[in-house]
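Keep in mind the model is a prediction, meaning the values are calculated, not measured. Just so you know, residue 1 is the first one in the sequence shown, and it goes up from there.
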Amino acid sequence: RRFAAVDESGGQKKYGADGLSPFVREASREVLDQIRTIERMRRMELGTENGLPRAEDQFEVVDEIPIDGTRSAYQGVEGAYSHQAASEYFGRRADLVAVPTFESAFRAVVNKEVDYAVLPIENTTGGAVGDVLDLQMKYPCYTVAELDLPIRHALLGVPGSTPDQIDTVYSHPQGLLQCHNFLEAHPDWSQVPLSNTAASAKKVAAEGNPHHAAIASAFCGKLYGLQVLKHDITDRAGNTTRFIVLTSRKIRRWDAHKIRICFECRHTTGSLYRLLANFTFNRVNMTKIESRPLPGRNFEYRFFVEFEGRLSDTNVQNALRGIRAEASLFRLLGNF
């Protein structure tokens with residue numbers, strides 16, 4: 001059956017020489033593209049079944065991520081939230097090393113100066129940490145674990161001080177911003193931004209001034225011998241930062257259930273759609289997708305995707321094989 005397309009003025013457009021309306025012609029192309037896509041995915045499925053190399057063959061499978069006696073880097077200074085995250089994951093089983101920047105943490109891992117790095121990847125209020133995403137493409141590091149750290153800011157002062165004595169508060173600019181409602185109730189307090197929350201606590205501890213306070217974590221306050229004057233002063237309940245644990249080794253736990261990849265696709269109509277169709281056709285549940293601008297290529301992007309599954313799953317293998325074939329650049333960033 002023929003359908004005539006309707007133009008913007010309400011009139012019907014003429015059929016082409018092939019006797020089809022523009023709408024039917026485009027729909028026919030779409031159907032044929034879908035048939036070709038299904039056929040290509042079936043070929044990949046057969047390839048997996050017949051023993052073609054698989055992504056999980058590159059990864060060593062372990063019962064637990066080995067951390068006893070290792071070294072791990074975190075960005076910031078002692079008492080920072082990154083330090084707290086590293087402490088929660090490694091406990092006393094690894095030596096923790098502070099580094100000044102995210103990139104220095106990646107370099108330390110790649111150069112074998114440390115075995116792991118613990119870095120923030122996203123926050124419930126601030127969104128993705130773009131620098132860490134970009135560095136994952138620059139350095140050959142793989143995610144082996146993740147942990148969620150609730151961000152609970154506290155008002156910290158020297159022992160014996162009280163909230164009534166405070167006239168100056170130090171913190172990272174985000175720390176001050178995230179406690180806006182609490183600080184607004186104290187308009188006479190001077191707010192002084194510093195490089196991070198831990199540096200603020202360290203400054204208050206060093207000065208010993210009962211009129212000065214810091215906004216940081218209770219974990220940080222304990223490290224620097226400060227007293228918690230007020231717990232949980234963050235405006236938004238549930239503020240959480242997700243951290244990832246990176247290593248240069250291609251390892252994964254046997255019970256890993258989440259995969260992260262990155263890819264770039266051709267800047268043509270339907271390329272991203274066809275690439276993402278690999279998840280649908282292989283019944284793989286995609287849980288997250290983010291984009292980052294490509295350096296030197298205006299308004300073009302690379303995509304970071306997380307989805308459920310293990311590298312040993314056949315449907316995951318088929319999806320990865322299809323994505324790799326469609327993408328102009330592809331990186332497997334870990335199974336954790």
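- Using a 4.5 Å heavy-atom cutoff, the side chains of Phe90 and Val118 are in contact.
- Using a distance-only test at 3.5 Å, with no hydrogens or angles considered, no donor-acceptor pair links the side chain of Asp148 to the main chain of Phe243.
- By the 4.5 Å heavy-atom criterion applied to side chains, Glu113 and Val97 are not counted as neighbours.
- When all heavy atoms are compared, the tightest approach of Ala198 to Tyr224 is O-CE1, 4.0 Å.
- Side-chain contact check for Cys179 versus Lys230: every heavy-atom pair is 4.5 Å or farther apart.
- The side-chain heavy atoms of Gln136 and Ile121, taken from C-beta on, include a pair separated by under 4.5 Å.
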Verify ring pair (Phe, Tyr, Trp, His ring centres under 6.0 Å) between Phe59 and Tyr142, making sure each step is shown before the conclusion.
CA-CA 10 Å; Phe59 281 72; Tyr142 305 92; 5.8 Å; yes
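- Within the 4.5 Å cutoff, the side chain of Glu64 has heavy atoms near those of the Arg253 side chain.
- Surrounding CZ of Arg283 are at most 12 heavy atoms belonging to other residues, nucleotides or ligands under 6.0 Å away.
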Give the intermediate values and the outcome of ring pair (Phe, Tyr, Trp, His ring centres under 6.0 Å) for residues Phe303 and Phe263.
CA-CA 5 Å; Phe303 297 89; Phe263 60 81; 5.7 Å; yes
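- The side-chain heavy atoms of Phe219 and Ser87, taken from C-beta on, include a pair separated by under 4.5 Å.
- Contact annotation: the side chain of Ile233 approaches that of Ile215 to within less than 4.5 Å [non-hydrogen atoms, C-beta and beyond].
- For the pair Ala105 and Leu119, the tightest heavy-atom approach, listed with the atom from each and the gap, is CB-CD2, 3.9 Å.
- No continuous path of ILVMFWY side-chain contacts below 4.5 Å connects Val245 to Leu333, so the two sit in separate hydrophobic clusters.
- Across every non-hydrogen atom of Gly160 and Gln227, the tightest pair is N-OE1, 2.8 Å.
- Annotation: side chain of Glu306 is not in contact with side chain of Ile259 (no heavy-atom distance under 4.5 Å).
- Under the 3.5 Å distance criterion, with hydrogens and angles disregarded, a donor-acceptor pair is assigned to the side chains of Thr143 and Arg260.
- No side-chain donor-acceptor contact under 3.5 Å links Arg71 to the backbone of Asp115.
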